Number of protein chains: 2
Amino acid sequence: MRRPTMADVAREVGVTAKTVSRVLNDDGPVAADTRERVLAAMRRLGYQPNLMARNMRVGARDAAIGLVIPEMGNPFFGTVAGGIEHAVRARGLTLIVGSSSETAELEQSLIATFLARRVSALMVVPSAASDHRHLRAERAAGLPIVFLDRPAVGMAADHVVSGNREGAREGVAHLVGRGHRRIGFVGDLPATLYTRRERFQGYRDALEAAGLPFDRALVESGHDQEAASAAVRRLLALPDPPTALFAANNFASMGAVVALARAGRRDVALVGFDDLPLAEVLDPPLTVVAQDPAAIGAAAAELVLSRLDGHRTKAARRMHIPTRLVPRGSGEIPPPP
Amino acid sequence: MRRPTMADVAREVGVTAKTVSRVLNDDGPVAADTRERVLAAMRRLGYQPNLMARNMRVGARDAAIGLVIPEMGNPFFGTVAGGIEHAVRARGLTLIVGSSSETAELEQSLIATFLARRVSALMVVPSAASDHRHLRAERAAGLPIVFLDRPAVGMAADHVVSGNREGAREGVAHLVGRGHRRIGFVGDLPATLYTRRERFQGYRDALEAAGLPFDRALVESGHDQEAASAAVRRLLALPDPPTALFAANNFASMGAVVALARAGRRDVALVGFDDLPLAEVLDPPLTVVAQDPAAIGAAAAELVLSRLDGHRTKAARRMHIPTRLVPRGSGEIPPPP
DNA sequence: TTGTACGCGTTATCAA
DNA sequence: TTGATAACGCGTACAA
């Protein structure tokens, strides 16, 4: 029950494999008659070309792009992946995905697998503790590599990230504009994470631009939704508590929403970084600084495709995808008089 | 700047490619000394084995699993994919993913690509209008094929689905148990969708078990969140409106939540099928029949792996992953006296 | 318009 | 313990 090959089709028709190949790829001249007979034989035998063999012969490159994301169930990264797939499909490239669970070990192991497969390009969302020095040789050898959401560590490479700092500044400035002077910051851990650092800088930028003092007591962190909830409770229990909160990522937002709802506090303003599905039906509806994951994926795909097209600049190209402030209610709550 | 091959390593050491291969795969006897020198040369040259060539030579099968899902950004399918990847990674299999945008054309084209790549197995979430007759030959030839979330059309094949009918029955029975006698059904379109049909059957089962009449006027549909909202508004505007609603999928739930919130109706009970991220902080918190997407992915992966291990039953194996009723508030609202 | 010879990078087979 | 040779399925270069 072997699968038919070009040779089988060729034998059936009484020609050479090369002729079958010509028909398949519309390459070179083939007599209309021969062509018909080859196509008929293909159908009769149920022939399917072997992409593996083709890839190997033609470019010594797999017509696939390797993508490493932290977690597939996370709609942010899922949407990024969708944006990439959509953009590369037209080029006949398929997407190979692996999730790193935010660990450097899995990330490395996935990258190694992709390299072994000879993928045409590599796209990576770096996990917290990873280092990418070992990829410098690959990049130098011409393999397109793009980092997503966070920059590479230990090497200069293309990347596409959100306008984290600007977005956070805008979100916090929005609160300042409503009259808030004590604004809490709820971030993730570790505090060395790129996105966390950038958004924290944006927070400080906004305070400074408004001439407001920075109070370390107003900065809290948590590594998941529960911890973020607890962080918010601590902030609200301060002697001189904040009148507004800035949640620096989506689970911090969720944690803040839950903490405020449980405490029955409808007087505390809240702006979250990254949009949430049901944000508009929350009570109050959640004001966010929305990211654009599909655009991040599409931009990264374009970077990769242009490199594949021979655009071999040595310089790393870096893109910031702008965020968008979406006022819905929670961010417009004024401070108490 | 060519990438080093086995032959390069072999030349460097003064042996044959086959010896290098033996070292790489721990296959056959190699002198400890030779072994060391080969390993050293590999490191020196930065050799990386070419998986494409290996796959082609060894099994004519790609060490990858092809997965077709409707949409990557949807956390339900993202989590399913994560469950699969987690389960197959230990076997050295990687995951190739494509999204069909719920169209039969893209689904077919993705499947064709995967078959051309000679993937080791195929996992498919069928889109609404697709037909899988053409896969019968593949299945007969021994390719493991598993359908997810919805069964195949036109062929008998393994599948893993949620306990849609039982879950819906339990959700509706929950409302009946609270005293509701007029319960609206909000489903998706087209009404011929497998999941829609099953959940509708569960709805009718629960009514029948309680001796309640079925009223066609209480059944409404919509193909997205907005349409579901409109459907709910129509139900509430009936002369004899429902006192409770059953939303048969997640966007129907969201639509219902929005519609009820906008209408200020806190007296209408609501149970949704499929859980939502912020369900517990909604007002009222949303009672749901939760599915277990990670378990669906894991179960499907196990089916595939057992087939790969030679378990070649001709009979299709079908699994139902049970749902779980999560009472949070919205489903416990009693009918008006 | 078609065929021949060879190579992609690896492993299987059998002999040395 | 190692090597020589062939093979996987396909495309390239060139000849016929």
Side-chain angles (χ1 to χ4, degrees), chain A residues 1-39 41-42 45-64 92 113 115-120 141, chain B residues 1-39 41-42 45-64 92 113 115-120 141:
Chain A
M1 275 305 277
R2 235 184 67 266
R3 207 176 272 275
T5 73
M6 273 196 174
D8 296 322
V9 176
R11 196 173 321 109
E12 180 89 356
V13 183
V15 294
T16 317
K18 177 66 228 193
T19 304
V20 178
S21 165
R22 278 196 259 262
V23 171
L24 205 61
N25 303 320
D26 269 326
D27 169 41
V30 179
D33 167 56
T34 324
R35 188 186 159 69
E36 282 316 312
R37 278 160 49 224
V38 167
L39 289 173
M42 282 183 177
L45 274 67
Y47 169 77
Q48 285 181 325
N50 185 328
L51 256 187
M52 251 199 301
R54 172 172 219 290
N55 285 335
M56 172 155 153
R57 180 65 183 92
V58 86
R61 280 262 153 248
D62 190 343
T113 306
L115 292 177
R117 294 186 73 100
R118 302 292 190 269
V119 291
S120 296
Chain B
M1 276 305 278
R2 234 185 67 266
R3 204 177 275 277
T5 71
M6 274 197 172
D8 297 322
V9 177
R11 196 175 319 110
E12 180 90 356
V13 183
V15 293
T16 318
K18 178 69 226 196
T19 304
V20 177
S21 166
R22 278 196 259 262
V23 171
L24 205 61
N25 303 317
D26 268 325
D27 169 41
V30 179
D33 166 55
T34 324
R35 187 188 160 68
E36 283 315 312
R37 279 162 45 225
V38 166
L39 290 174
M42 282 182 178
L45 273 67
Y47 169 77
Q48 287 181 326
N50 184 327
L51 254 187
M52 249 198 305
R54 170 168 222 288
N55 285 334
M56 172 163 151
R57 172 63 233 205
V58 84
R61 278 266 155 248
D62 190 342
T113 306
L115 292 177
R117 295 185 75 97
R118 301 293 189 270
V119 291
S120 296

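A quick note: this is a predicted structure, and the numbers were derived from the prediction, not measured.
B/D8 has its CG atom 13 Å from the C1' atom of C/dT10, to the nearest Å. For B/M56 and D/dG11, the CE to C1' distance is 11 Å, given to the nearest whole Å. Remark: C1' of D/dG11 and CG of A/L51 are 13 Å apart, rounded to the nearest angstrom. Here D/dT2 presents its C1' atom at 18 Å from CZ of B/R11, a figure rounded to the nearest Å. Atom CZ in A/R118 sits about 9 Å away from atom C1' in C/dG9, given to the nearest Å. Remark: P of C/dG9 and CG of B/L24 are 15 Å apart, rounded to the nearest angstrom. Counting to the nearest Å, the C1' atom of C/dG9 and the CZ atom of B/R3 are 13 Å from each other. Remark: P of C/dT1 and CZ of A/R37 are 14 Å apart, rounded to the nearest angstrom.
Looking at the side chain of B/V58, the nearest of the listed nucleotides D/dT2, D/dC10, C/dT11 is C/dT11. Of the listed nucleotides (C/dT10, D/dC8, C/dT1), C/dT10 has the atom at the smallest distance from the side chain of B/P49. Considering only the side chain of B/A31, D/dT1 comes nearest among C/dT10, C/dT2, D/dT1. For B/R54, counting side-chain heavy atoms from C-beta on, the closest listed nucleotide (C/dT2, C/dT11, D/dT2) is C/dT11. The nucleotide whose nearest atom lies closest to any side-chain atom of B/M6 is, among D/dC10, C/dT11, C/dG9, C/dT11.
Residues passing the side chain to side chain contact (heavy atoms under 4.5 Å, CB included) test with B/A7, sequence neighbours excluded: B/T5, B/R11. With sequence neighbours excluded, the residues satisfying side-chain hydrogen bond (donor to acceptor under 3.5 Å, both in side chains) with B/Q48 are B/R3. Every residue two or more places apart in sequence or in another chain that forms a side chain to side chain contact (heavy atoms under 4.5 Å, CB included) with B/A41 is listed here: B/V9, B/E12, B/V13, B/R44. For A/R22, there are no salt bridge (charged side-chain N to carboxylate O under 4.0 Å, His left out) partners at least two apart in sequence or on another chain. Residues satisfying the side chain to side chain contact (heavy atoms under 4.5 Å, CB included) criterion with A/R54, sequence neighbours excluded, are A/N25, A/L51, A/V58. Residues passing the salt bridge (charged side-chain N to carboxylate O under 4.0 Å, His left out) test with A/R35, sequence neighbours excluded: A/D26. Partners of A/R118 according to the salt bridge (charged side-chain N to carboxylate O under 4.0 Å, His left out) rule, which considers only residues two or more places apart in sequence or in another chain, do not exist here.
Atom CG of A/L24 is separated from atom OG1 of A/T19 by 12.0 Å, given to the nearest 0.5 angstrom. Note: A/R57 CZ to A/N55 CG = 12.5 Å, rounded to the nearest 0.5 Å.
Contact annotation: B/N50 does not reach the phosphate of C/dC8 (side-chain N/O to OP1 or OP2, under 4.0 Å). Using a 4.0 Å cut-off, some side-chain N or O of A/T34 falls inside it from OP1 or OP2 of C/dT2.
Between B/N50 and A/M56 there is no side-chain heavy-atom pair separated by less than 4.5 Å.
Where the helix from C/dT1-D/dA16 to C/dA16-D/dT1 starts and where it ends, the local axes point in directions that differ by 40°; five pairs per end, rounded to 10°.
For residues 13-22 of chain B, proximity to DNA chain D is found at B/G14, B/V15, B/T16, B/K18, B/T19, B/R22, defined as any non-hydrogen atom under 4.0 angstrom from a strand atom.
Between the base of C/dT11 and the side chain of B/R57 there is a donor-acceptor pair shorter than 3.5 Å.
Among the heavy atoms of the strands, none lies under 4.0 Å from A/N55.
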